[in-house]
Peer 1: 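Here it is, the structure in full.
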Amino acid sequence: MAVNTSRSNELFDRALGLLPGGVSSPVRAFRAVGGSPIFIAEAEGAYFTDVDGNRFLDFVGSWGPLILGHAHPEVVAAVNAAAKRGLTYGAPHEAELDLAEQVTRHYPGVERVRFTSSGTEATMSAIRLARGVTSRSRLVKFSGCYHGHSDGLLVAAGSGAVTFGQPSSDGVPAEVAALTTVLPLDDIAAFETFMSEAGKEVAAVIIEPIPANNGLLLQRSEFLESLRRETTKHGALLIFDEVISGFRVHLGGAASLYDIQPDLATFGKIIGGGMPVGAFGGAAEHFENLAPDGGIYQAGTLSGNPVAMAAGLATIDVLTKNDVHTRLEALGQRLEDGVRGILDAGSWPAGFVRQGSIFWFYFFDGEAPRNAESVASDAAGPYSTFFRACLDEGVYLAPSSYEVGFLSHAHSESDVDRAVEVFARALSRAF
Ligand SMILES: *Cc1c(COP(=O)(O)O)cnc(C)c1O
C-alpha cells in the first residue's frame, strides 16, 4: 500500500476497545474491502486529510449530505452565526419556517413538514402517520431499498445490511417483521398481484424512487407509475423516501424528475447541510392527524435544531442561487464520458450508472441492474482491489461495492479528469 496509515491504524486499535467494531456506523469499518478505516483529521471542499497527513479526493461526501463539499464557507458562516444565537431552544424559531418553506415550495404536494434529527426517524414517523391515517398495519417495501434502521424497515434492506449478508437484523421481532412485505423492484406484475390480494390491508408502500443503497438501481418510470396507480386504487399511501435524492437530483427530488407525486415524502442528508436532520412532509389533511393536532404521536428534543436548520438553509440557498444542479449534471456527464471511454477500451466485466451527481460502478457483466436480485453477489472481490488501488492514489470511494459515489459542487473539472485516470489504472489492477 502506497499511503502510510500508521496513525489511523493506532487510532483504530484504540477504537476497537471503545466502539463496537471501532465505529459509530457499521459500513465505516471497511469490513467489505478489508484493512482498517482511515481516520479523518480535517476536510475542505472536495478533499479531506487523514491523521497521517494523506490527502484524498472524496467521492463519499459523508454518504450524501455534502452536495456543496466539505465546510462550504457560506454553510460554515451560517452555522457559526446560528451557534452564537444558541445551540438549541426546544421552542419555535423562524429558521424552521424558512427551511419548511423551501421544502413546501420545491416539493410537489408537500404542504406540511415535521422535522426530526435523522432520516431513520423521518421514515419511521412517516410510516406511523400512514398507519394512523389509514387505520391499517401492513407495509410494503422493495428489496435493496434502505429506509433507515427502525425495526419494521430492516427487512431486506440495502446499505450496510447488504454487506453483512443479512437481509434483516437480529433483534427485530418476527412479529414486527411480519407486518412488512418485501417485493422486488422493477416488477410491476408482482406488485399488482400483491396489491390485488392484500392492498386493502396496506397502510403504505415505501420506496427510494432512485434506489441508491444497493448500488444505483435506476427504475423505469412505468414501475413508479404503477405504485402511484395501485396505492391510490387500494387506499394505501405512497411514501417516497428522498433522504438521498431530495434536493440532490432536483430541488423537487425524484418526484419532480419523474413527475409523480407521492402522498408522503421523507428527507434528510442535504436538508441538514451536514448537520443531523430529517423531515417528513405531505398534504395538510394527513398532518392534521399528527400530534398536537391529532392522535398520532411524534416528537424530538432537538427537532428543528437552529444550527441544523441554518446549515440546511445555507445549503439550499447556494444550490438555488448558483444553479448548482446544472453544473453537477455537466460534471456528472464529464465523469460518465471518461469512465465509459475506459470501460469500452478495457472490455472488463464492469459497468457504470449515473443519475446527476450520484454514480455507481458495478463489477459484473451486462446491463445496469434495476433490482437487488440482479446485483451479482461475488462482485466484492474485484471491488476491493479497485477500492484499494484508488485509495493508494488518493481517491476515496465508499468502502463497499454496494454504496454509490457522490459528486459535489466543490469537485472541479480537473478533479474529475484526474479521478478518471485513477479509475482506469485501478480497473486494470482489479481484473
Ligand atoms: C441515509 C438514508 C436513510 C437514513 O437516514 P439516517 O440519517 O442515516 O438515519 C433513510 N433512507 C435513505 C434512502 C437513506 O439513504
Side-chain angles (χ1 to χ4, degrees), residues 23-28 60-67 107 114-128 130 139-163 169 180 182 185 204-219 224 227 238-250 253-255 257-258 262 264-281 298 300 302-305 308-309 311-312 315 355-360 372 398 400 402-406:
V23 290
S24 298
S25 191
V27 101
R28 297 179 195 173
V60 179
S62 192
W63 308 94
L66 301 180
I67 193 165
Y107 200 89
R114 171 65 57 87
F115 289 109
T116 64
S117 297
S118 68
T120 295
E121 287 172 82
T123 55
M124 182 181 90
S125 306
I127 286 161
R128 183 175 303 144
L139 174 70
V140 174
K141 77 178 284 287
F142 296 92
S143 73
C145 287
Y146 178 67
H147 305 292
H149 57 86
S150 70
D151 282 357
L153 289 167
L154 272 186
V155 184
S159 202
V162 194
T163 346
S169 163
T180 305
V182 182
L185 286 162
V205 172
I206 187 167
I207 187 168
E208 287 180 79
I210 298 182
N213 277 290
N214 196 309
L216 183 59
L217 306 174
L218 296 182
Q219 297 301 294
L224 297 174
L227 306 189
L238 177 61
I239 306 174
F240 275 4
D241 180 355
E242 302 242 26
V243 171
I244 283 186
S245 49
F247 290 91
R248 178 170 284 278
V249 298
H250 189 287
L257 212 60
Y258 284 94
L264 300 174
T266 59
F267 303 91
K269 299 191 171 123
I270 286 176
I271 66 158
M275 299 291 292
V277 172
F280 60 111
Q298 195 283 336
L302 295 177
S303 296
N305 176 267
M309 298 291 108
T315 299
Q355 173 70 61
S357 55
I358 313 174
F359 66 88
W360 182 52
S400 161
Y402 292 99
E403 303 287 351
V404 297
F406 295 103

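Whatever order the structure lists them in is the order used to number ligands and atoms, beginning at 1.
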Peer 1: Test your reading of the structure: does Asn213 have an N or O sitting under 3.5 Å from an N or O of ligand 1?
Peer 2: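 By distance alone, the answer is yes.
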Peer 1: Counting C-beta onward and ignoring hydrogens, is there a side-chain heavy-atom pair between Ile244 and Ile210 closer than 4.5 Å?
Peer 2: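 The answer is no; the side chains never approach within 4.5 Å.
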Peer 1: Compare Pro65, Ser245, Gly148 and give the one whose heavy atom is closest to atom 10 (C) of ligand 1.
Peer 2: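 It is Gly148 that holds the nearest heavy atom.
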Peer 1: Under 4.0 Å from any heavy atom of Ser118, which atoms of ligand 1 are there?
Peer 2: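 In order of numbering, the contacting atoms are 7 (O), 9 (O).
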Peer 1: Below a 4.0 angstrom heavy-atom separation, can you tell me which part of Thr266, side chain or backbone, both or neither, approaches ligand 1?
Peer 2: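 Thr266 to ligand 1: no contact under 4.0 Å from either part.
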Peer 1: Return yes or no for this condition: an N or O of Asp241 is under 3.5 Å from an N or O of ligand 1.
Peer 2: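 Yes, Asp241 has an N/O under 3.5 Å of an N/O on ligand 1.
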Peer 1: Could you check if a side-chain atom of Glu208 sits within less than 4.5 angstrom of a side-chain atom of Asn213, using non-hydrogen atoms only?
Peer 2: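 Yes, at least one pair of side-chain atoms sits under 4.5 Å.
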Peer 1: Considering the heavy atoms of Ile244, write down every atom of ligand 1 situated less than 4.0 Å from one of them.
Peer 2: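 Close to Ile244: 15 (O).
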Peer 1: Distance to 0.1 Å, residue and atom name: give those for the protein heavy atom nearest to atom 2 (C) of ligand 1.
Peer 2: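 It is Lys269 NZ, 2.6 Å.
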Peer 1: Write out the residue and atom name of the closest protein heavy atom to atom 4 (C) of ligand 1, then the distance separating them to 0.1 Å.
Peer 2: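 Result: Thr120 N, 3.6 Å.
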Peer 1: Counting non-hydrogen protein atoms only, what is the nearest one to atom 5 (O) of ligand 1? Give residue, atom name and distance.
Peer 2: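 The protein heavy atom lying closest is Gly119 CA, 3.2 Å.
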Peer 1: With distance as the sole test, does Ser125 use its side chain to make a donor-acceptor pair with the main-chain N or O of Ala122 at under 3.5 Å?
Peer 2: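 No, the answer is negative, given that no donor and acceptor are paired below the 3.5 Å cut-off.
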Peer 1: What atoms of ligand 1 come closer than 4.0 angstrom to any heavy atom of Glu208?
Peer 2: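 Listed by number with element: 13 (C).
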Peer 1: When you compare the side chains of Thr266 and Asp241, does any donor N or O come within less than 3.5 Å of an acceptor on the partner?
Peer 2: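 The criterion, which ignores hydrogens and geometry beyond distance, is satisfied for Asp241 and Thr266.
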Peer 1: Test your reading of the model: is there a side-chain donor-acceptor pair from Gln298 to the backbone of Ala126, 3.5 Å cut-off?
Peer 2: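 The answer is no, because no donor-acceptor pair under 3.5 Å joins these two groups.
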Peer 1: With ring centroids as reference points, do Phe247 and Tyr107 lie under 6.0 angstrom apart?
Peer 2: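 They do not qualify: ring centres at least 6.0 Å apart.
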Peer 1: Side chain or backbone, does His147 bring an N or O within less than 3.5 Å of an N or O on ligand 1?
Peer 2: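 No - when backbone and side-chain N and O of His147 are compared with those of ligand 1, no distance drops under 3.5 Å.
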Peer 1: Go through the side-chain N and O atoms of Ser400 and Glu403 and say whether any donor and acceptor fall under 3.5 Å apart.
Peer 2: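 Distance-only check fails for Ser400 and Glu403.
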Peer 1: Quick one: do Leu227 and Phe142 satisfy side-chain contact (heavy atoms from CB on, under 4.5 Å)? Show the steps, please.
Peer 2: CA-CA 11 Å; Leu227 306 189; Phe142 296 92; 3.7 Å; yes
